[in-house]
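Each remark here refers to the structure printed beneath this line.
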Amino acid sequence: MITPEFYDNLTPSEAVALQKELREKIDCTPLTTPVRYIGGADISFNKFETTVYAGIVVLKYPEMVVQAHASVTCTVQFPYISGLLAFREVPALLKAWDALTLKPDILVLDGHGIAHPRRLGIATHFGLIMNQPTIGCAKTRLTGVYQEPGNHRFDQAPLFDKQEQIGTVLRTKPNCNPVFVSPGNRVGMDQSLEIITRCCGKYRIPEPTRLAHMLVNQERVKGSR
DNA sequence: GCGACAG
DNA sequence: ATCTTGTCGC
């Protein structure tokens with residue numbers, strides 16, 4: 001069992017090696033059990049500080065009504081390095097997950113799933129070590145090529161790496177930049193898009209991640225005073 | 001060598 | 001990610 005402590009004293013080089021090992025275990029088989037609860041996870045922190053606030057919000061699916069939430073605060077040592085985001089944020093998220101009284105059927109992470117150079121975005125990483133269905137929903141591209149989707153709600157375009165589709169670029173709201181949706185683990189490509197689409201309200205960011213972001217920001221303001 | 005580069 | 005009010009555009 002991987003605990004938050006497992007990540008202590010891990011070097012970037014070792015992190016990349018671990019990603020290459022985990023890559024073999026990725027499972028993008030569509031989830032067959034019903035999704036009744038969906039979670040949104042995110043972290044927040046003050047610039048130049050090592051204290052991070054992690055939180056997870058659980059909502060009824062597809063009604064998008066909040067059912068539960070948990071947030072924790074802890075310190076991180078691993079720096080932000082593009083491609084290694086999971087090693088900075090997952091430890092804190094694991095603690096928030098433990099504190100959750102109601103575990104969601106699927107979790108949406110603020111970042112990519114398999115739309116990553118080694119297919120190990122934060123959503124895939126979390127999903128693999130927790131054997132939990134996950135979806136990655138990032139605000140900007142990390143890797144891959146795509147054609148800009150139309151400017152209407154839910155217009156979309158596949159995100160490719162070579163010949164392989166690694167995600168979908170989704171316009172969740174007109175006149176707003178699209179979001180990047182990709183399977184994390186134990187969920188299919190089309191299924192992840194379908195689920196995220198149903199989580200969209202009147203904002204660019206889907207409800208699970210949007211509410212998690214608001215939660216951790218409030219915790220940060222509270223905690224840093 | 002140069003540009004790109006989730007949060 | 002975070003620092004931050006008003007303001008331009010759909």
Side-chain angles (χ1 to χ4, degrees), chain A residues 7 12 15-16 19 22-23 26 40-56 71 73-94 96 107-128 134-146 148-153 155 159-162 166-185 192 196 202-206 208-225:
Chain A
Y7 293 86
V16 172
Q19 291 184 322
L22 290 176
R23 177 172 186 165
I26 299 174
D42 193 18
I43 75 164
S44 177
F45 58 89
N46 287 310
K47 200 174 183 179
F48 305 131
E49 289 183 14
T50 58
T51 299
V52 299
Y53 302 82
I56 296 178
S71 57
T73 169
C74 56
T75 62
V76 294
Q77 293 303 319
F78 206 91
Y80 167 70
I81 298 175
S82 180
L84 300 180
L85 176 66
F87 296 89
R88 175 176 170 74
E89 304 196 347
V90 166
L93 290 178
L94 289 178
L107 182 68
V108 183
L109 288 286
D110 187 17
H112 293 98
I114 62 171
H116 175 284
R118 291 173 292 281
R119 304 294 175 271
L120 266 140
I122 187 170
T124 303
H125 188 115
F126 186 100
L128 280 175
T134 58
I135 295 175
C137 184
K139 295 179 290 299
T140 61
R141 184 198 78 104
L142 206 207
T143 191
V145 296
Y146 65 96
E148 191 70 22
N151 193 32
H152 292 102
R153 185 158 130 112
D155 274 349
L159 176 63
F160 290 108
D161 183 352
K162 301 297 170 55
I166 56 176
T168 304
V169 184
L170 176 69
R171 182 87 61 189
T172 55
K173 180 178 178 178
N175 307 310
C176 284
N177 291 322
V179 296
F180 299 72
V181 182
S182 60
N185 190 51
S192 56
I196 289 298
K202 54 183 295 189
Y203 304 95
R204 174 169 86 116
I205 305 303
T209 298
R210 189 180 74 82
L211 294 176
H213 190 269
M214 293 186 77
L215 169 67
V216 294
N217 264 323
Q218 294 185 308
E219 290 303 312
R220 177 171 59 83
V221 173
K222 243 191 283 179
S224 58
R225 60 173 180 173

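Residue numbers begin at 1 in each chain, while the letters A, B, ... track the order of the sequences. Atom set for the values below is all heavy atoms of this structure, side chains included, hydrogens, waters and symmetry mates excluded.
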Can you check whether [X] has a side-chain N or O nearer than 4.0 Å to OP1 or OP2 of [N]?
X	N	result
T143(A)	dA4(B)	no
K139(A)	dG7(B)	yes
N217(A)	dA1(C)	no
H213(A)	dT2(C)	yes
R141(A)	dC5(B)	yes
S82(A)	dA6(B)	yes

Checklist entry - What string of B, S and - do you get for nucleotides 3-10 of chain C, 5' to 3', when a contact is any protein heavy atom under 4.0 Å? => result S------S

Using 0.5 Å steps for rounding, measure from the [atom1] atom of [X] to the [atom2] atom of [Y].
X	Y	atom1	atom2	value
R153(A)	R171(A)	CZ	CZ	13.5 Å
D42(A)	I56(A)	CG	CD1	10.5 Å
K139(A)	H112(A)	NZ	NE2	10.0 Å
E89(A)	I43(A)	CD	CD1	3.5 Å

For a quick check of understanding: with a heavy-atom distance under 4.0 Å over all strands, which category does [X] fall into, base, sugar-phosphate or nothing?
X	value
I43(A)	nothing
L109(A)	nothing
S44(A)	sugar-phosphate
G83(A)	base

Next on the checklist: Quick check on side-chain contact (heavy atoms from CB on, under 4.5 Å): which of T168(A), I135(A), V108(A) does S192(A) satisfy it with?
Outcome noted: I135(A)

Item to check | Among L128(A), L84(A), V16(A), I114(A), side-chain contact (heavy atoms from CB on, under 4.5 Å) partner for L120(A) | outcome: L128(A)

Item to check | Side-chain donor/acceptor of S71(A) to backbone N/O of G55(A), under 3.5 Å | outcome: no

Checklist entry - Does R141(A) reach the main-chain N or O of F180(A) with its side chain, forming a donor-acceptor pair under 3.5 Å? => result no

In whole Å, what is the span from the [atom1] atom of [X] to the [atom2] atom of [N]?
X	N	atom1	atom2	result
F45(A)	dA6(B)	CZ	P	13 Å
D42(A)	dA6(B)	CG	P	15 Å
I166(A)	dA6(B)	CD1	P	13 Å
Q19(A)	dC5(B)	CD	C1'	14 Å
L85(A)	dA6(B)	CG	P	9 Å
I81(A)	dA6(B)	CD1	P	12 Å
E89(A)	dA6(B)	CD	C1'	9 Å
L142(A)	dA4(B)	CG	P	15 Å

Item to check | Y80(A) ring over dG7(B) six-membered base ring, under 5.5 Å and 30° | outcome: yes

Checklist entry - Mind checking whether F78(A) and F87(A) have parallel, tilted or perpendicular rings, split at 30° and 60°? => result tilted

Checklist outcome for this item: The correct list of stems in which DNA chain C takes part (3 or more consecutive Watson-Crick or G-U pairs, distances under 3.5 Å) is none

Item to check | Intermediate values then yes/no, side-chain hydrogen bond (donor to acceptor under 3.5 Å, both in side chains), N46(A) and R220(A) | outcome: CA-CA 8 Å; N46(A) 287 310; R220(A) 177 171 59 83; 2.9 Å; yes

